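I have placed the structure first, in the form of structure tokens, so that the comments after it can refer back to it.
Indexing begins at 1, ligand by ligand and atom by atom, following the structure's order. Here the structure is a predicted model, which means the values were calculated and not measured.
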Amino acid sequence: MRQKLAAGNWKMNGTGAVLAELEALIQAQGAAKSELLICPPATLLSRAAEIASGSHLAIGGQDCHAASSGAHTGDLSAHMLKEAGATAVILGHSERRADHGEGSEGVAAKASAAWGAGLTAVICLGETLEEREAGETLHVIGTQLATSLPDGATGANTVIAYEPVWAIGTGKVPSLEQIAEVHDFLRAELATRFGADMAAATRLLYGGSVKPSNAAEIFATSNVDGALVGGASLKAADFAPIIQALDAS
Ligand code: 13P
């Protein structure tokens, strides 16, 4: 019942030339069974949306402001992303939590703004290595989930991405048991708060050093409905086999 989702987060990578990768991805994976989402830098949103128009690939932003307009130099509202062609927005990525001091309450306000603009919120959660080693992973994840997610979350307007901070861009990946433990916990927490139907409808993505070489085993893990991919989403030749692994899972 949950459509699998392969999402790419290009982060602060790419000028116009990288859009050729988008064209190559559409060529290679235009018929994928899984839902596909690429979140390029904001400067490329409009052009990316134009290229993806009429294809199976959706385009998303990487952040938005909680307000709809105003004196917020450098920020973008959810409505602006929507107008540029986005259908989703990543919120609460650990890089934003670390670089910009974003807290979960602020992430929840952004999620409400995203929903108000008709965007799906891809809400990121994850523990640091210190927290994992201290045995606090589920406590940290539970708190982030409770506080980052406003009332009103549904399987249609929300996607949850579990991204252990220590696995992002490091080549380190949790064991499959560790991924399953967190994803099972997330599904149960959603059911407790929002009900079984919502929990059953909400996609749970894993993110952090997903590569063509480890994608299949991650996608075979309990309650993993797809991936949020950084580095390996920048090249169609790397992202395409990840999508194929998801389709086959
Ligand atoms: P990497 O796939 O480069 O580890 O990045 C993961 C990520 O942060 C996606 O949002």
Side-chain angles (χ1 to χ4, degrees), residues 4-14 18 21-22 25 34-42 44-45 48 57-64 81 86-100 102 104 107 110-111 114 119-129 131-132 140-141 144-145 148 158-176 178-179 182-183 186 203-219 221 224-246:
K4 299 198 172 142
L5 171 60
N9 175 9
W10 283 4
K11 309 190 180 184
M12 197 173 74
N13 295 297
V18 80
E21 294 296 328
L22 213 55
L25 189 66
S34 304
E35 194 177 322
L36 308 181
L37 172 70
I38 291 284
C39 301
L44 298 180
L45 268 178
L57 185 88
I59 300 298
Q62 298 178 11
D63 178 51
C64 70
L81 298 179
T87 57
V89 60
I90 296 170
L91 296 174
H93 193 281
S94 64
E95 286 152 14
R96 292 208 60 87
R97 292 181 190 254
D99 293 356
H100 299 273
E102 287 192 9
S104 292
V107 173
K110 291 177 178 201
L119 299 178
T120 299
V122 181
I123 297 180
C124 303
L125 317 164
E127 82 286 1
T128 64
L129 189 57
E131 289 163 343
R132 176 160 284 280
V140 168
I141 298 294
Q144 287 180 348
L145 183 72
S148 303
T158 300
V159 172
I160 305 292
Y162 168 54
E163 299 204 311
V165 177
W166 51 275
I168 295 175
T170 59
K172 293 187 186 134
V173 179
S175 70
L176 301 178
Q178 288 171 326
I179 294 174
V182 172
H183 280 239
L186 285 169
R203 273 85 61 85
L204 304 180
L205 309 185
Y206 168 77
S209 298
V210 176
K211 309 279 179 231
S213 56
N214 61 17
E217 61 180 20
I218 291 171
F219 295 147
T221 301
V224 173
D225 302 310
L228 181 55
V229 182
S233 71
L234 288 165
K235 293 245 177 296
D238 294 329
F239 201 37
I242 292 174
I243 295 165
Q244 284 156 13
L246 187 59

Between E21 (side chain only) and A236 (backbone N and O only), is there a donor and an acceptor less than 3.5 Å apart?
yes

Heavy atom to atom 10 (O) of ligand 1, shortest distance: which of Q62, K172, E163, E95 holds it?
E163

When you measure from the heavy atoms of G169 to every atom of ligand 1, does any distance fall below 4.0 Å?
yes

Just which atoms of ligand 1 are under 4.0 Å from any heavy atom in S209?
1 (P), 2 (O), 4 (O)

With D63 via side-chain hydrogen bond (donor to acceptor under 3.5 Å, both in side chains) - residues at least two apart
R96, K110

What do we get for N9 next to ligand 1 when only non-hydrogen atoms under 4.0 Å count, side chain, backbone, both or neither?
side chain

Is it true that the side chains of S148 and R97 contain a donor and an acceptor less than 3.5 Å apart?
yes

Work out whether the distance between some heavy atom of G208 and some atom of ligand 1 is less than 4.0 Å.
yes

So is G231 polar-close to ligand 1, meaning N/O to N/O under 3.5 Å?
yes

Is K211 near ligand 1, meaning one of its heavy atoms is under 4.0 Å from it?
no

Identity of the nearest option to atom 2 (O) of ligand 1, non-hydrogen atoms only, from G126, S233, A227, G230
G230

Please work out whether the ring planes of H183 and Y162 are parallel, tilted or perpendicular, with thresholds of 30° and 60°.
perpendicular

Identify, by atom number and element, the atoms of ligand 1 in contact range of K11, meaning under 4.0 Å from any of its heavy atoms.
5 (O), 6 (C), 7 (C), 8 (O)

A student checking ligand 1 against L228 at a 4.0 Å heavy-atom cut-off should list atoms 9 (C), 10 (O)

For P241, give me all partners under side-chain contact (heavy atoms from CB on, under 4.5 Å), at least two apart in sequence or on another chain.
P212, Q244

Sub-4.0 Å atoms of ligand 1 with respect to non-hydrogen atoms of H93:
7 (C), 8 (O), 9 (C), 10 (O)

Whether the side chain of W10 engages the backbone of S233 through a donor-acceptor N/O pair (distance < 3.5 Å, no angle test) should be reported.
yes

Given N214 and V210, is the side chain to side chain contact (heavy atoms under 4.5 Å, CB included) satisfied, shown in steps?
CA-CA 6 Å; N214 61 17; V210 176; 4.0 Å; yes

Under a plain distance cut-off of 3.5 Å, with no hydrogens placed, do H93 and Q62 share a side-chain donor-acceptor pair?
no

